[in-house]
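Quick notes on the structure that follows.
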Amino acid sequence: GGADQKGPVFLKEPTNRIDFSNSTGAEIECKASGNPMPEIIWIRSDGTAVGDVPGLRQISSDGKLVFPPFRAEDYRQEVHAQVYACLARNQFGSIISRDVHVRAVVIQSYESEADNEYVIRGNSVVMKCEIPSYVADFVFVDLWLDSEGRNYYPNNAAETDGKYLVLPSGELHIREVGPEDGYKSYQCRTKHRLTGETRLSATKGRLVITEPVGSKAPTFATASKISSLLGSSSSDIVLLCQAQAFPVPYTRWYKFIEGTTRKQAVVLNDRVKQVSGTLIIKDAVVEDSGKYLCVVNNSVGGESVETVLTVTAPLSAKIDPPTQTVDFGRPAVFTCQYTGNPIKTVSWMKDGKAIGHSEPVLRIESVKKEDKGMYQCFVRNDQESAEASAELKLGG
Ligand SMILES: *[C@@H]1O[C@H](CO)[C@@H](O)[C@H](O)[C@H]1NC(C)=O
Ligand SMILES: *[C@@H]1O[C@H](CO)[C@@H](O)[C@H](O)[C@H]1NC(C)=O
């Protein structure tokens, strides 16, 4: 024995999501320290160990999980679309990494399209870039071009004075459409995240501008009165409220006070701006999360829609204290300190096994011999997970 002996601690933990193309393959690293040096084992989410699959998956001698490049016909769901984790263990205990969602993508050719949009003169409109669903997760809009040779780039939400805005979701937002806008056509350019390849949409979209005949109360393009939106903290978030009306409607934004049916007008400032009916939140923070209501009125009527916004922040966890030495029969307390949003579940493991505890504080009233080992808390939401570990040693 000796004070320098210790259970495993991760030095390099894989990320939550690893997407790769069949032509590149991927290597996933996992490293842990400890004394004695821990061994690394790769497991599935059910805890079973992962083995070699010739040509498709190997464990390298230094503990990496390796996916070599493969031909399209060799794709195997149970290998190439799987949740893995790495487990580090020595004689003092075991720890498990966060969930690692691995996804191999067989690169396929695709075409996107920009379609015509119908708009009443004076209203705002969004032009969509239609991307086939089988590539939608890997392809994003990196540019819009018009037939007069002008380019519109994303991430310009800060420059809200312009007539054009490429939304974070890839649509081109055009405000206060006038007759001259009907003479141009618009094309989107998409980029593949894994290959870096860009391509222009197969079709060009136009604005079909209708001249109002008489008044028209605001109506929304979609029937749904409530939608939800996920955005990440520090990014720019755009809340749409796309109603068509004549006379051109007036839009007001409200936010509900959490857990109530009372609402307050959204305060506009340098960070939170409204462009026509669209609400733009720059450098979003978790506190911007909540339920928003957009009310659109003109002289002949009104309509409203709700948007539930969740601003995500990366999950991380820490256990206090990271190690403790407790005498037989004495109490031990571990506290899981976590940050990030949203947090859906908290759970604890001991030496890689769930212990059925879901509170941030883990208390052992009277420490027994079998309580010694490695404790972990996990925090999770639908997108990601994070873990922290701590060691309980027995005293005299
Ligand atoms: C990956 O799949 C594509 C599409 O079938 C194919 O053209 C390419 O050769 C594959 N890569 C390898 C390394 O086999
Ligand atoms: C605006 O429209 C809403 C319907 O969604 C209505 O409840 C409200 O009274 C209208 N406000 C004005 C000022 O007309």
Side-chain angles (χ1 to χ4, degrees), residues 18-28 52-58 60 64-82 102-112 120 122-124 131-139 190-199 212 214-227 239-257 260-268 274 276-279 290-309:
I18 294 174
D19 293 336
F20 63 93
S21 114
N22 70 300
S23 296
T24 59
E27 288 192 359
I28 310 177
D52 281 4
V53 178
L56 299 184
R57 184 179 67 204
Q58 291 139 26
S60 70
K64 283 186 193 130
L65 183 62
V66 179
F67 297 93
F70 63 93
R71 292 176 308 174
E73 56 268 37
D74 294 329
Y75 177 88
R76 275 176 59 185
Q77 172 128 11
E78 70 274 21
V79 171
H80 292 129
Q82 180 70 265
V102 168
R103 199 160 47 155
V105 184
V106 174
I107 302 299
Q108 284 173 279
S109 168
Y110 72 95
E111 274 184 353
S112 60
I120 301 174
N123 285 256
S124 300
I131 297 170
S133 57
Y134 64 89
V135 287
D137 282 356
F138 305 101
V139 165
T190 51
K191 186 168 185 170
H192 200 290
R193 274 203 289 127
L194 300 178
T195 61
E197 184 216 29
T198 58
R199 70 176 41 215
S215 327
K216 185 179 171 299
T219 51
F220 288 99
T222 53
S224 140
K225 299 283 276 176
I226 183 151
S227 64
L239 299 181
L240 289 178
C241 183
Q242 284 301 118
Q244 299 268 324
F246 194 83
V248 173
Y250 181 73
T251 303
R252 271 156 303 180
W253 281 92
Y254 300 89
K255 190 180 181 196
F256 286 93
I257 298 165
T260 74
T261 53
R262 283 186 300 132
K263 57 185 193 293
Q264 286 176 328
V266 169
V267 179
L268 301 176
Q274 187 177 329
S276 301
T278 304
L279 191 69
K291 188 157 81 173
Y292 289 80
L293 178 73
C294 154
V295 183
V296 188
N297 295 85
N298 69 3
S299 49
V300 286
E303 263 293 4
S304 65
V305 286
E306 288 176 1
T307 306
V308 177
L309 172 65

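Sequence positions, counted from 1, serve as the residue numbers for this chain. Every value quoted in this text rests on a predicted model; they were computed, and no experiment measured them. Every number for a ligand or one of its atoms is a count from 1 in the order of the listing.
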Determine, stepwise, if the pair Y254 / Y292 fulfils ring-ring contact (aromatic ring centres under 6.0 Å, His included).
-> CA-CA 6 Å; Y254 300 89; Y292 289 80; over 10 Å; no

Identity and distance of the protein heavy atom lying nearest atom 3 (C) of ligand 1 | N22 ND2, 3.6 Å

So CZ of R103 and CG of L194: to nearest 0.5 Å the spacing works out to 8.5 Å

Atom indices of ligand 1, in the order listed, that fall short of 4.0 Å to a heavy atom of R71 | 14 (O)

Protein residue, atom and distance nearest to atom 9 (O) of ligand 1, heavy-atom basis | S23 OG, 4.7 Å

Atom 5 (O) of ligand 1 protein-contacted, heavy-atom criterion under 4.0 angstrom | yes

Enumerated ligand 1 atoms positioned under 4.0 Å from heavy atoms of A72 | 5 (O)

Minimum-distance protein heavy atom relative to atom 14 (O) of ligand 1 | F70 O, 3.4 Å

OH/Y250: more than 12 non-hydrogen atoms of other groups inside 6.0 Å = no

Which residue, Q82, R76, H80, forms the side-chain hydrogen bond (donor to acceptor under 3.5 Å, both in side chains) with E78?
-> R76

Heavy-atom check, side chain of S109 versus side chain of E197, under 4.5 Å | no

Please write down residue, atom name and distance for the protein heavy atom closest to atom 1 (C) of ligand 2.
-> N297 ND2, 1.5 Å

I107 heavy atoms within 4.0 Å reach ligand 1 at atoms 4 (C)

Is there a donor-acceptor pair under 3.5 Å between the side chain of N298 and the backbone N or O of K216?
-> yes

Should R252 be counted as touching ligand 2, given the test is an N or O pair under 3.5 Å?
-> no

Side chains of Y110 and T190, donor plus acceptor under 3.5 Å | yes

